[in-house]
Amino acid sequence: MSRTHVGLGMRQRGLREILLEKSIRVGGPIQSGITNDVYTESKKLEDTHARKTIWFHKDVYKEIGELTKGKPRGDQSKLVNDIVSEHFNKRRKILSGSL
């Protein structure tokens, strides 16, 4: 089964149904009640993040690419978010006089 096929199936039937189907093939059905606790609807990226196009110096852009090469999708955004958050946290501490 190709990745594309799995992705299309997940959109059409829903992740819960696919996981239930797979569990039956592997070792029997999942106990009732457990799936409702595990399966929760996650927030969309748009609900928790804002999109902003920015320009990087070429050397910075290259390093971001090197650090995230072969990593899952979204790791570049996570890396930049972590770095910017760390910068602002340090800045707040300096401004408040606690550093």
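Keep in mind that this is a model prediction, so the values were computed, not measured.
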Inset, instruction - Identify whether F56 and F88 are in the same connected component of the hydrophobic contact network (ILVMFWY, side-chain heavy atoms under 4.5 Å). - result: yes
Legend entry - Backbone of K71 reached by a side-chain donor or acceptor of D75 within 3.5 Å: no
Legend entry - Spatial distance of atom NE2 (H57) from atom CD (E63) [nearest 0.5 Å]: 13.0 Å
Inset, instruction - Please answer whether the main-chain N or O of S85 pairs with a side-chain N or O of N89 as donor and acceptor at a distance below 3.5 Å. - result: yes
Inset, instruction - Tell me whether L79 is reachable from V84 by hopping between hydrophobic residues (I, L, V, M, F, W, Y) whose side-chain heavy atoms are closer than 4.5 Å. - result: yes
Inset, instruction - Before giving the answer on side-chain contact (heavy atoms from CB on, under 4.5 Å), spell out for L67 and Q76 the whole-Å C-alpha distance, their side-chain angles and the decisive distance to 0.1 Å. - result: CA-CA 8 Å; L67 288 171; Q76 286 186 354; over 6 Å; no
Inset, instruction - Please round to the nearest 0.5 Å and tell me the distance separating atom OG of S77 and atom CG of L45. - result: 7.5 Å
